[in-house]
Enquirer: 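The structure is given below, and queries will be raised subsequently.
A note on names: the letters A, B, ... follow the listed sequences, proteins ahead of strands, and every chain is numbered from 1.
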Amino acid sequence: MSKGITSRKENYSQWYNEIVSKADLAENSGVRGMMVIKPYGYAIWEKIQAQLDKMFKETGHENAYFPLLIPKSYFSKEASHVDGFAKECAVVTHYRLKAGANGIEVDPDAKLEEELIIRPTSETIIWSTYKNWIQSYRDLPILVNQWANVVRWEMRTRLFLRTAEFLWQEGHTAHSNMQEALAETNQMLNVYAEFAENWLAVPVIKGAKTPNERFAGALETYSIEALMQDGKALQSGTSHFLGQNFAKAFDVKFTDKEGKLDYVWATSWGVSTRLMGALIMAHSDDLGLVLPPKLAPIQVVIVPIYKSEEEFNAVSKTALEIVSELKAKNISVKFDNRDTHRPGHKFAEYELKGVPVRIAIGPKDLEKGTVEIARRDTLEKQFVSNSNITETIEKLLEDIQKNIFDKALKFREESTYKIDSYEEFKKQIEEKPGFYLAHWDGTPETEEKIKNETKATIRCIPFDAPEEQGFCMVTGKPSNKRVIFAKAY
RNA sequence: CGGGGUGUAGCGCAGUCCGGUUAGCGUAUCUGCUUUGGGAGCAGAGGGUCGCAGGUUCGAAUCCUGCCACCCCGACCA
């Protein structure tokens, strides 16, 4: 492994790529735009999954699984949905190969009568199924989630941030009335925000998308928006209020308490492996990945320092005692006893991989009855007496979790600007990318004009934006709250 | 799909303009010895369809033709 990585200042996107590859998170595969998630990266994703899954179940949801392939006819039932996804769908047209003149080839006799779409999202197959599940208000609500992969044929891809195939969860719920569906949409956005802030340690802004940025087929799209260290926004989770659009498209009606037929109300919500991108870009530094302790596959690593075999044995004895103490406290710990690498190499390696806490034990420590404890986020080191190790580490893990959140929040606050002049906006968003709070006249035309001229888009209309009379920075028309503009991933 | 670029050892590259030893360097790998409190040192070894297919030539990584792949920049997007 070559030493060091490109600094953020030097080349931010190269820095990102190097962290992904050198921290062993993922790599490109033989299929353009599709990634291999490596064991260390997948271990983080599993932790993300485990926690979200728990939160979904706590809010009454159940997991299920729907097919990967969707008949083209299902897909085309909801008009705006088709418009939104048509250009990035992979299509299955045949079901057999045969040996041909140039090796293996598609058997032209095995053409499918109806072509199948590889799901870019599952609303259509799910609503065609829900039709059979729902007759009465007694069948509602349906609160289902699925963990799955989806394919969107992206032209330009980046590991985790935009890949042609990605892993995600998609929740699909059905309700008997609008209020309940809207409440669900809100609830799940709150679940995402809580997860982002308390687990990923990434502060997010909750808000509504403008019509331009809405999910294809939704009446409302809510999102959580995070700010990355280069001043670009990353949409980190979305929750959609679908109204009765899909129920109408798939003819899903139920009989209410009064015996009247009505269409079912729907929501859908998802987060993806893109969260890994958020995690990386929010906290990491020029030495490598920085992981929040709550999601780190290895929370503590122990590096032995020794010359002779006797020294190694003595150090190991202490190390193994610490391992069992920490394990008893449910802290994941690795004792790196490889003899093939020297301590300095290991230090650098675990910094690159973002392990939150490192313990080094050598002969000098054994004499003094101490160990050296280093934290990844601030790089501070301290010597701690053997009797206080577990306690110190428990506190340290909490501190690190909190500290990286605070740091990210401070960065976001310092990179958020109120702006009223469009001229100023155009200049500043180039020089100092970040969140720009500005008045907007509410029209898609103005939003489009700003996008074309600056590449910045409205990330969301924040829920907590205070009422404030002002004037659209472009057209001068009246506006009563500020929206967030930023360049986005 | 438009514009630009690159394909040479696992990875990163030189060599290509101007054809000519056995295709080289860094790193990684393997072996041995010395090392081990911040990415070890020395010595030795292994590893190549030079993107693919044709052509020109006594001779092609190098020149010509066609094809393929990947990367960057745009249009589209979680």
Enquirer: Could you give the distance separating B/G66 and B/C30 at their C1' atoms, to the nearest angstrom?
Expert: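 That atom pair is separated by 42 Å.
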Enquirer: Does NZ or CZ of A/K209 fall inside the cone over A/Y222's six-membered ring, less than 6.0 Å from its centre and within 45° of the axis?
Expert: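 Negative - A/K209 is either too far from the ring of A/Y222 or too far off its axis.
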Enquirer: Tell me which one of A/R338, A/K22, A/R358 satisfies salt bridge (Lys or Arg N to Asp or Glu O under 4.0 Å) with A/E349.
Expert: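 For A/E349, the salt bridge (Lys or Arg N to Asp or Glu O under 4.0 Å) test succeeds with only one of A/R338, A/K22, A/R358, which is A/R338.
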Enquirer: Rounded to the nearest angstrom, tell me the gap between atom NZ in A/K22 and atom P in B/A28.
Expert: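 From A/K22 NZ to B/A28 P: 12 Å.
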Enquirer: Of the candidate nucleotides B/G37, B/G39, B/C76, which contains the atom at the shortest distance from the side chain of A/H345?
Expert: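 Nearest nucleotide to the side chain: B/G39.
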Enquirer: Does a side chain donor of either A/N145 or A/W269 reach within less than 3.5 Å of an acceptor in the other side chain?
Expert: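 On atom types as modelled, these side chains do not qualify, holding no pair under 3.5 Å.
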Enquirer: Grab the CD1-P distance between A/I305 and B/G38 for me, whole Å please.
Expert: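 After rounding, the gap between these two atoms is 8 Å.
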Enquirer: Would you classify A/R358 as touching base, sugar-phosphate or nothing, given that sugar-phosphate means primed atoms plus P, OP1 and OP2, and contacts are heavy atoms under 4.0 Å?
Expert: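 A/R358: base contact, heavy atoms under 4.0 Å.
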Enquirer: Taking the P atom in each of B/C63 and B/G15, what is the distance between them to the nearest angstrom?
Expert: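 Roughly 12 Å separates the two P atoms.
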Enquirer: Does the pair A/K427/A/E431 count as a salt bridge with the N-to-O cut at 4.0 Å?
Expert: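 A salt bridge is absent here (no side-chain N lies under 4.0 Å from a carboxylate O).
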Enquirer: So what does A/L234 touch, heavy atoms closer than 4.0 Å: a base, only the sugar-phosphate, or nothing?
Expert: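 A/L234: no heavy atom of the nucleic acid under 4.0 Å.
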Enquirer: Taking atom P of B/G10 as reference, at what distance in whole Å does atom CD of A/E27 sit?
Expert: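 Distance check: A/E27 CD to B/G10 P gives 15 Å.
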Enquirer: Grab the NZ-C1' distance between A/K451 and B/A75 for me, whole Å please.
Expert: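 About 10 Å, once rounded to whole Å.
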Enquirer: Let me know, please, whether A/D339 or A/S272 comes out on the 5' side of the other along RNA chain B by nearest nucleotide.
Expert: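 The answer here is A/D339.
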Enquirer: Mind checking the C1' distance from B/G59 to B/G19? Whole angstroms is fine.
Expert: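 Pairwise C1' distance, B/G59 against B/G19, rounds to 8 Å.
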Enquirer: With a 3.5 angstrom cut-off on both distances, give the Watson-Crick or G-U wobble partner of B/U35, or none if there isn't one.
Expert: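 The answer is none; no pair meets the criterion.
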Enquirer: P atom, B/G39 versus B/U27: distance in rounded Å?
Expert: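 Approximately 16 Å lies between the P atom of B/G39 and that of B/U27.
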Enquirer: If we call it a pair only when both distances are under 3.5 Å in a Watson-Crick or G-U wobble match, what pairs with B/U57?
Expert: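 Check on B/U57: unpaired, no WC or wobble geometry under 3.5 Å.
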Enquirer: Could you state the atom-to-atom distance from CZ of A/F347 to C1' of B/U36 in whole Å?
Expert: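 After rounding, the reported distance stands at 11 Å.
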Enquirer: Should the side chain of A/K381 and the base of B/G38 be counted as holding a donor-acceptor pair, with the cut-off at 3.5 Å?
Expert: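 Side chain to base: pair found, below 3.5 Å.
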Enquirer: Please report, rounded to the nearest Å, how far the P atom of B/G38 is from the CD1 atom of A/I361.
Expert: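 Interatomic distance, CD1 of A/I361 to P of B/G38: 16 Å.
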Enquirer: Could you tell me how far B/U6 sits from B/G47 if I compare only their P atoms? Round to whole Å.
Expert: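 Taking atom P in both B/G47 and B/U6, they lie 31 Å apart.
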Enquirer: At less than 4.0 Å, is any side-chain N or O atom of A/R342 found next to OP1 or OP2 of B/G37? Yes or no.
Expert: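 The answer is yes; a side-chain N or O of A/R342 sits under 4.0 Å from OP1 or OP2.
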Enquirer: Between B/C50 and B/C11, how far is it from one P atom to the other, in whole Å?
Expert: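 Their P atoms lie roughly 16 Å apart.
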Enquirer: Could you tell me the Watson-Crick or G-U partner of B/A45, where both distances fall under 3.5 Å? Say none if there is no partner.
Expert: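 With both distances under 3.5 Å, B/A45 matches B/U29.
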Enquirer: Under a 3.5 Å cut-off for both contacts, is B/G7 paired Watson-Crick or G-U wobble with anything, and if yes, with which nucleotide?
Expert: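 For B/G7, the partner nucleotide comes out as B/C68, under the 3.5 Å rule.
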Enquirer: Just compare B/G37, B/C71, B/U36 and give me whichever is closest to any side-chain atom of A/A360.
Expert: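 Minimum distance to the A/A360 side chain belongs to B/G37.
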Enquirer: Can you tell me how far C1' of B/G74 sits from CE of A/M155, to the nearest Å?
Expert: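 The answer, rounded to whole Å, is 11 Å.
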Enquirer: Using the C1' atom as the reference point in each nucleotide, state the distance between B/A69 and B/G26 in Å, no decimals.
Expert: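 After rounding to an integer number of Å, I get 26 Å for this pair.
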Enquirer: Which is true for A/N28 with a 4.0 Å heavy-atom rule: it touches a base, it touches only sugar-phosphate, or it touches nothing?
Expert: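 No contact at all - A/N28 keeps every heavy atom at 4.0 Å or more from the nucleic acid.
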Enquirer: In whole angstroms, how far is the C1' atom of B/C77 from the NZ atom of A/K209?
Expert: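 Result: 11 Å.
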Enquirer: State, without any angle test, whether A/H61 and A/E184 hold a side-chain donor-acceptor pair at a distance under 3.5 Å.
Expert: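 There is such a pair between these side chains.
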Enquirer: Taking any heavy-atom pair under 4.0 Å as a contact, classify A/E311: base, sugar-phosphate, or nothing.
Expert: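 Touches nothing.
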Enquirer: Using a 6.0 Å distance limit plus a 45 degree cone around the ring axis, check whether A/K232 lies over the aromatic ring of A/Y489.
Expert: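 Yes, A/K232 lies over the aromatic ring of A/Y489.
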Enquirer: Hunt down the Watson-Crick or G-U wobble partner of B/A23, both distances under 3.5 Å, from any strand shown, or write none.
Expert: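 Its partner: none found.
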Enquirer: What distance, rounded to whole Å, do you find between the two P atoms, one in B/A14 and one in B/G51?
Expert: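 Their P atoms lie roughly 13 Å apart.
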Enquirer: Salt bridge or not for A/E27 and A/K38, using N-O below 4.0 Å?
Expert: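 Salt bridge present between A/E27 and A/K38.
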Enquirer: Both distances below 3.5 Å, Watson-Crick or wobble geometry, any strand: find the nucleotide opposite B/A75.
Expert: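 When the pairing criteria are applied, nothing turns out to pair with B/A75, so the answer is none.
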Enquirer: Please check if any side-chain donor atom of A/D365 sits under 3.5 Å from a side-chain acceptor atom of A/T370, or the reverse.
Expert: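 Yes - a donor-acceptor pair under 3.5 Å links their side chains.
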Enquirer: Quick one: which of B/C77, B/U36, B/G37 gets closest to the side chain of A/K364?
Expert: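 When the side chain of A/K364 is considered, B/G37 is the closest of B/C77, B/U36, B/G37.
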Enquirer: Taking only the side-chain nitrogens and oxygens of A/K455, find out if one of them lies under 4.0 Å from OP1 or OP2 of B/G74.
Expert: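 For B/G74, OP1/OP2 do have a side-chain N/O of A/K455 under 4.0 Å.
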Enquirer: By nearest atom, which of the nucleotides B/G38, B/C1, B/U36 is closest to the A/E351 side chain?
Expert: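 Ranking B/G38, B/C1, B/U36 by closest atom to the A/E351 side chain puts B/G38 first.
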Enquirer: To the side chain of A/P343, which of B/G37, B/C77, B/G39 is closest?
Expert: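 In terms of side-chain proximity for A/P343, the closest of B/G37, B/C77, B/G39 is B/G37.
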Enquirer: Distance check: side-chain N/O of A/R152 vs OP1/OP2 of B/C76, anything under 4.0 Å?
Expert: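 No.
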Enquirer: Reading RNA chain B from 5' onward, which residue's closest nucleotide shows up sooner: A/L379 or A/T163?
Expert: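 That would be A/L379.
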Enquirer: Within the structure shown, what part of the strands sits under 4.0 Å from A/Y489 by heavy-atom distance: base, sugar-phosphate, or nothing?
Expert: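 Answer is nothing: A/Y489 stays at 4.0 Å or more from every strand.
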